[in-house]
Amino acid sequence: MLPSHSSFLAADPGLITPDASAHGDARARAHAADGSTRPLWLGVALGLFATGLLMRMAGLAIEPASGGNLPYLVCGAAALLTRVYAGRMPGRLGRALADGAEYYALFTLIALAGAVTSYPIAGLTRGFHDSGLQRIDHALGFDWLAWYRTVAAHPWLQTWGLAAYRSIYLSPAILLGHAAWTGDRTAARRFLAVFGMTAAATLALYAFMPAVGPFSYLWHGPIPYMPESEQWQQGLIPALRDHEVRVIDLAHLRGLVSAPSFHTAAALLYIRAAWPIPRLRWPLLALNVAMLLSTPVEGTHYLADMLIGAAVTGIVVGIMGRRRA
């Protein structure tokens, strides 16, 4: 059995003093309840169940004996052991290690489930919506081809853009690590909840607007620079629809979601989470602004994709905020 949150609170003199009053004890219990991760684990379990149903509907499966599963199994076992045994250590370090292991495990499960779920959703869709997304870009005056040619002509933009685009998991690692070290379970729980809801909303909307992306749709001829997302959608999505792909290899998951842009949704979520923390505010703002600037080319996204992704974050944050109130 995992150590309870109340035991961690009681072990930290900075959170509960020996002569705490009844009112102080009540506040401590309320804080522990507000920071409980049990609803998150339930949400993850429901999400995995939904993923299983979609996989079954799309005729897809994950090979249990695949070597691509091994890193996840090893990391899961390490997180579980750390959560159990570090929680028995006295003082701040043990609590931080135990909480951090649980936060990282939850985040990894949410992110992995989201990536896997995009496959059956893509396989169950019909048609592509690139023409409509491109019309929105044209109406907004956004020229994706000009953006791509600029990056293709400057190797330093390619290097920095690729690094920024791949940093999508760096910000949450920092934010959750900070929450674990400071003992702010409420902030960690809220961040994970909004991240999970944003991922779910992105996947739900993706079912109505699958696309191959501007790189495949607009670019014709020799390729001077291959972005990080390459051109997987135009080949993989039809193969999923035709049941030519039946097994998902966790070691080679590909990004299939065009609209809404999850990189955009995540970047705005990270900026919002970091803003109240002075020591993290400006570094994570700079990092995620760079990720946003890299997203059109490295993620092969229309500007319309990014605007829809931003709207998803705004709506989810607003709903969660009203629920808290």
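When a residue number appears, it is its place in the shown sequence, counting from 1.
- Using a distance-only test at 3.5 Å, with no hydrogens or angles considered, no donor-acceptor pair links the side chain of Y270 to the main chain of P172.
- Taking hydrophobic clusters as Ile, Leu, Val, Met, Phe, Trp and Tyr residues chained together by side-chain heavy-atom distances below 4.5 Å, Y169 shares a cluster with I110.
- Contact detail for W147 and V297: the closest heavy-atom pair is CD1-CG2, 3.2 Å.
- The distance from atom CG of L280 to atom NE2 of H178, rounded to the nearest 0.5 Å, is 5.0 Å.
- Residue W160 qualifies as open at atom CH2: its count of foreign heavy atoms under 6.0 Å is 12 or below.
- For the pair I121 and V257, the minimum side-chain heavy-atom distance is 4.5 Å or more.
- Under the 4.5 Å side-chain criterion, counting only non-hydrogen atoms from C-beta, L292 is in contact with T264.
- Of all heavy-atom pairs between R126 and G123, the closest is NH1-O, 3.8 Å.
- Between the side chain of D137 and the backbone N or O of F142 there is no donor-acceptor pair closer than 3.5 Å.
- Judged purely by distance below 3.5 Å, without hydrogens or angles, the side chains of T117 and T51 pair a donor atom with an acceptor atom.
- One finds the CZ atom of R254 at 11.0 Å from the CD atom of Q233 (value rounded to the nearest 0.5 Å).
- Note: W282 CH2 to I271 CD1 = 10.5 Å, rounded to the nearest 0.5 Å.
- Considering only heavy atoms from C-beta on, L145 comes within 4.5 Å of R149 through its side chain.
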Could you give me the CA-CA distance, side-chain angles and deciding distance for L287 and S171, then say whether side-chain contact (heavy atoms from CB on, under 4.5 Å) is met? CA-CA 8 Å; L287 177 63; S171 292; 3.5 Å; yes
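- Judged by distance alone, the side chain of D99 and the main-chain N or O of G183 form no donor-acceptor pair under 3.5 Å.
- Side-chain atoms of T37 and E102 include a donor-acceptor pair closer than 3.5 Å.
- Between the side chain of S294 and the backbone N or O of M291 there is at least one donor-acceptor pair closer than 3.5 Å.
- Y148 places a side-chain N or O within 3.5 Å of a backbone atom of Y225 that can act as its donor or acceptor partner.
- The number of heavy atoms from other shown groups lying within 6.0 Å of CE (M57) does not exceed 12.
- Judged by distance alone, the side chain of S229 and the main-chain N or O of E298 form a donor-acceptor pair under 3.5 Å.
- Here D305 contributes atom CG and T295 contributes atom OG1; the two are 10.0 Å apart, rounded to the nearest 0.5 Å.
- Using a 4.5 Å cut-off between side-chain heavy atoms of Ile, Leu, Val, Met, Phe, Trp and Tyr, with links allowed through other members, I174 and V194 fall into the same hydrophobic cluster.
- H263 contributes atom NE2, which lies 12.0 Å from atom OG1 of T202 (distance to the nearest 0.5 angstrom).
- No donor-acceptor pair under 3.5 Å is formed between the side chain of W181 and the backbone N or O of D184.
- Hydrophobic clustering, with ILVMFWY side chains joined whenever heavy atoms are under 4.5 angstrom apart, groups L253 together with L240.
- Taking the six-membered ring where the residue is Trp, F215 and W219 present tilted rings, their angle falling between 30° and 60°.
- The shortest side-chain heavy-atom distance between V312 and F262 does not fall under the 4.5 Å cut-off.
- The shortest side-chain heavy-atom distance between M209 and I308 falls under the 4.5 Å cut-off.
- Two residues are said to be in side-chain contact when any heavy atoms from C-beta on lie closer than 4.5 Å; Y119 and L256 meet this criterion.
- When all heavy atoms are compared, the tightest approach of A98 to A86 is N-CB, 3.9 Å.
- For R281, the CZ atom is densely surrounded, since the number of other residues' heavy atoms within 6.0 Å is greater than 12.
- Using a distance-only test at 3.5 Å, with no hydrogens or angles considered, no donor-acceptor pair links the side chain of S167 to the main chain of L170.
- Across all their heavy atoms, L284 and N288 have their closest contact at O-ND2, 2.7 Å.
- Atom-to-atom distance recorded for Y103:OH and R83:CZ is 8.5 Å, nearest 0.5 angstrom.
- Here the closest non-hydrogen pair linking F191 and A273 is CD1-CB, 3.7 Å.
- Of the possible polar contacts, one joining the D249 side chain to the A251 backbone as a donor-acceptor pair under 3.5 Å is found.
- Clustering ILVMFWY residues whenever any of their side-chain heavy atoms sit less than 4.5 angstrom apart, transitively, puts L236 in the very cluster that holds I223.
- Of the possible donor and acceptor atoms, one in the side chain of N69 sits under 3.5 Å from a partner among the backbone N and O of E63.
- With Y302 as the partner, the side chain to side chain contact (heavy atoms under 4.5 Å, CB included) test is satisfied by one option alone out of L140, D130, L307: D130.
- Of all heavy-atom pairs spanning S118 and Y206, the tightest one is O-CE2, 4.0 Å.
- For the pair Y217 and T300, the minimum side-chain heavy-atom distance is 4.5 Å or more.
- For the pair H129/F208, no side-chain contact is recorded, criterion being any heavy-atom separation below 4.5 Å from C-beta on.
- Put simply, Y104 and I168 are part of the same group of oily side chains (I, L, V, M, F, W, Y) that touch within less than 4.5 Å, one to the next.
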Does the side-chain contact (heavy atoms from CB on, under 4.5 Å) test come out yes or no for L60 and V116, once each step is laid out? CA-CA 10 Å; L60 293 169; V116 170; over 6 Å; no
